[in-house]
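Shown next, in structure tokens, is the structure this report addresses.
These figures come from a predicted structure and were not determined experimentally. What's counted below: heavy atoms across the whole structure, side chains too, no hydrogens, waters or symmetry copies. Letters A, B, ... are given to chains in the order of the sequence lines, protein chains preceding strands, and every chain is numbered from 1.
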Amino acid sequence: MAEERRGSWFGFGFCGFGQALGSGRGRQVHSPEPLQTPGEDADVCRVSASWSYTAFVTRGGRLELSGSAGCAAGGCRDAWASEALLVVLRAGPGRGAGTELQAWAPGSALSGEPLWAHTVGPEAEGEDAPGGEPQAGALPLLPGARAYVSPRPPFYSPLAPELRARRLELGAEHALLLDEAGQVFSWGQGRHGQLGHGTLEAELEPRPLEALQGVPMAEVAAGGWHSVCVSETGDIYIWGWNESGQLALPSRSLAEVGKTAAGEASGPKEDGSDVRTAEGESGGLAPFIAIQPFPALLDLPPGTDAVKASCGSRHTAVVTRTGELYTWGWGKYGQLGHEDTSSLDRPRRVEYFVDKRLQDMYTSKQHGGHRPNPRW
Amino acid sequence: MAGAGTLREALRALLPPTKEELTLQLGETVERSVVRLLREAVELFCGGRGDECLQASEAILDYSWEKLNTGPWRDVHRDWRRVYAFGCLLKAVCLCEETGDAGAVAAALRVCDMGLLMGAAILGDILTKVAAVLQAHLPSGKRPAPGPAQEQPHEKKARHDHVRIPDVRSERTVPRLRCPSLQHFRKHFLVPGRPVILEGVADQWPCMKKWSLEYIQDVAGCRTVPVEVGSRYTDEEWSQTLMTVNEFISKYIRDEPRDVGYLAQHQLFDQIPELKRDISIPDYCCLGDGDEEEITINAWFGPQGTVSPLHQDPQQNFLAQVTGRKYIRLYSPQESEALYPHDTHLLHNTSQVDVENPDLEKFPKFAEAPFLSCILCPGEILFIPVKYWHYVRALDLSFSVSFWWS
């Protein structure tokens, strides 16, 4: 009998507000622990983690918040959590009534009136997944991809229709968009190189990344000040701020603590992490990189193909085709899942999931939430 | 040396006595979750749970740090800088609550300095006072034990490539005046926007006699300051970093420096009020529209050879020279076109031309642009009118103080 088992959720990182990581004890979780998801068999299809609270949406349309904000509500198709605003996509009453986008203060427990609401017309709903399940997980991009939401005014931002956005991600001060053809666009502040156009200048409107033209991308992800995308062939391109090694490039701050890969011996290690030689042509050590203003191709161990990337504010996580999880960058709150609080400037496999297969993941500030789907 | 007990008392004496007073009034910008965490941290602190307070303070610092790094600095909401300063305050006090050992005190002082550098004033400028107390409690005085025969730094000049002293006699020089009246200065220089060197105004300031390397190390040695590393800020390898004044002096002034390090454009006198007593605000600043509190006073301290590329500032500037000499070239704002400013937003106030080694093929108009120049010496003040282009190179170990006013 080929019945697909539903997967379980695991989480690690900062949980100073008891936002349902692990056992809820302690402010940090350094190694993956099963997530306390609401209900016994509640099938969580979407997790959106903010700094102080987490939002869970089940296939049945139930929304639950835990952490600094706590409540439950029904009729939700998707949720997007940020400290200032909780954005929810709720099914309108009755068929054909469309969907309503609502923004709430996280502490409001979804009672009373939302801060603002916007009806997403039925014609904009786009294709649902086979079986009639709603397309969850597209926020902050709205169904129909004509606009997106942001936690700061203007809350509702239209997108030029010719953009044909498939996916949109927001960083602290920039935005990334992936279109139907696999082209990546970026706009916003550029002072940390996060736009990838080779300068530190800001861009007011979505601008395509010329360096990536011709390489169709399958996924994009935005960290606080860095950007990642995954090609259809499983390669990772990364750019932006490297202050904690989140680009997997030699980082000065890690070197000062003795943790950079620069200067280490070359060759892959047993745990599957990739060790960079960091030796220049003359045999000298490669320079530290604080800012990478245009995309760099990242080396994972040979034979590994990435399928999904996700970023916290200052760290990066990648799931491979074979269900492995690699993380790197800022690790102070255990958000890398390596059972310690070190930051890393090179990819390292999360050992906990070695005998499991990861299917999906979401990350947030000082947080890592990951969902494996064990198969045997 | 005073033990942990007296340090603890001294710090507690500075803090507000009640939980309610150890609170920041914050507006809507700071999210409720952060306000809650701040309240929790104060509870932990008042409850004597130092380790947990330290954890909460770290979370406050890490979260607010992200806000400080989001968007242009001038757009960062003051409340986030106050939250950051508050996190620094709690962390610094918790760090030396348990032990008063030198390591803990030095670490706490560094945290205070971070709060002063990146935060905003809270609770009656408490961080400045806490820093002063910590500084006083650092063992063996404030500077490292003197080595055998402290060499005067200028003795090391013999080992450097000899410095190129420009022959300013062949260039049009900046006029000099001795103690002009306010009206004369306003009429002939401020209003028409003309540079002038003022003599007899700063030459009696205490700093002129007091400021030596030893004195600076004594008063400020253990304090953390921002340092620019690299020949000039337009270079690719240029970077900014933080270190103590002692480290700066050892690495970039005394011990045969490999790179150029410059303690530049830093409001040192807000950080260390004791130094402020050694300088004065030139009377001529009262001719401006702003209040005295709005005057920005910066320290510029570095070895021979530091360069500030040709650039312009949006305010009037009095540049007072305390130690060493600086070669300065000035171009009128009317010559801007011949100075080829960068077209990026980041560097639009900076010329692309290397003044003392111009690429005249790339920048042909520069050769004909008229300019004034001078060698500014200790005791002298140069008036740089608003938007006047200026290029500065230190001919010796140099300390200057600039006053930006409007």
Side-chain angles (χ1 to χ4, degrees), chain A residues 14-17 19 26-28 50-53 67-69 81-86 105-108 151-152 170-174 188-192 194 198-204 223-225 241 243-244 252-253 256 287-291 293 312-314 330 332-333 335 341 365-366, chain B residues 27-41 44 49 51-77 79-80 83 87 229-230 233-243 247 259 342-348:
Chain A
F14 173 74
C15 58
F17 291 84
Q19 53 267 60
R27 290 188 174 277
Q28 303 169 9
S50 184
W51 176 66
S52 71
Y53 73 101
S68 68
S82 74
E83 283 311 296
L85 221 57
L86 168 68
S108 66
R152 285 185 293 271
L170 298 179
E173 50 182 21
H174 78 297
Q189 291 291 326
R191 75 194 62 251
H192 293 104
Q194 65 265 61
T199 73
L200 303 181
E201 296 289 290
E203 294 283 341
L204 292 174
W225 301 269
W241 205 8
E243 49 76 41
S244 285
R252 185 186 297 272
S253 61
E256 279 157 14
F288 297 115
I289 296 184
I291 284 176
S313 62
R314 298 155 68 184
W330 194 38
K332 182 173 170 182
Y333 291 86
Q335 62 268 55
T341 54
K365 296 184 174 27
Q366 295 139 332
Chain B
E28 294 285 303
T29 313
V30 176
E31 296 115 356
R32 289 229 180 105
S33 46
V34 180
V35 175
R36 177 175 139 172
L37 185 57
L38 285 165
R39 217 177 313 130
E40 211 179 287
L44 292 167
R49 292 151 75 180
D51 280 341
E52 291 169 82
C53 177
L54 217 48
Q55 273 200 327
S57 306
E58 284 290 343
I60 290 166
L61 285 172
D62 285 324
Y63 190 81
S64 55
W65 182 91
E66 297 202 349
K67 299 297 186 188
L68 263 45
N69 281 278
T70 299
W73 177 251
R74 65 175 179 276
D75 292 346
V76 171
H77 200 286
D79 276 354
W80 284 119
V83 169
V229 180
Y233 68 76
T234 39
D235 281 351
E236 258 193 36
E237 300 79 42
W238 183 87
S239 67
Q240 289 174 297
T241 186
L242 295 165
M243 64 185 70
E247 286 165 345
D259 298 311
H342 287 263
D343 55 15
T344 62
H345 177 73
L346 225 55
L347 291 174
H348 72 278

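- Within the 4.5 angstrom heavy-atom criterion, atoms from both the backbone and the side chain of Glu83(A) approach chain B.
- Under the 30°/60° scheme for interplanar angles, the aromatic rings of Trp225(A) and Trp65(B) are found to stand perpendicular.
- The distance from atom CD of Glu31(B) to atom OG of Ser50(A), rounded to the nearest 0.5 Å, is 8.0 Å.
- Listed here is the closest heavy atom pair of Glu66(B) and Ser313(A): OE2-OG, 2.7 Å.
- Of the possible donor and acceptor atoms, none in the side chain of Glu173(A) sits under 3.5 Å from a partner among the backbone N and O of Thr70(B).
- Considering only heavy-atom pairs separated by less than 4.5 Å from chain A, the leading option among Arg36(B), Glu52(B), Arg32(B) is Arg36(B).
- Across all non-hydrogen atoms, the minimal contact from His192(A) to Asn69(B) is CE1-O, 3.6 Å.
- With sequence neighbours left out, the ring-ring contact (aromatic ring centres under 6.0 Å, His included) criterion links Trp80(B) to Tyr63(B).
- Across all non-hydrogen atoms, the minimal contact from Leu346(B) to Glu201(A) is N-OE2, 3.7 Å.
- Proximity to chain B (any heavy atom under 4.5 Å) is restricted, for Glu243(A), to the side chain, taken from C-beta onward.
- Of all heavy-atom pairs spanning Gln189(A) and Pro72(B), the tightest one is NE2-CD, 4.0 Å.
- More than 12 heavy atoms of other residues, nucleotides or ligands shown are found within 6.0 angstrom of CG on Asp75(B).
- For Glu40(B), the part lying near chain A is the side chain, with the backbone staying farther off; criterion is any non-hydrogen pair under 4.5 Å.
- Under the ring-ring contact (aromatic ring centres under 6.0 Å, His included) criterion, His348(B) pairs with His345(B), sequence neighbours left out.
- Counting heavy atoms from C-beta outward, Asp62(B) and Phe14(A) have side chains that stay 4.5 Å or more apart.
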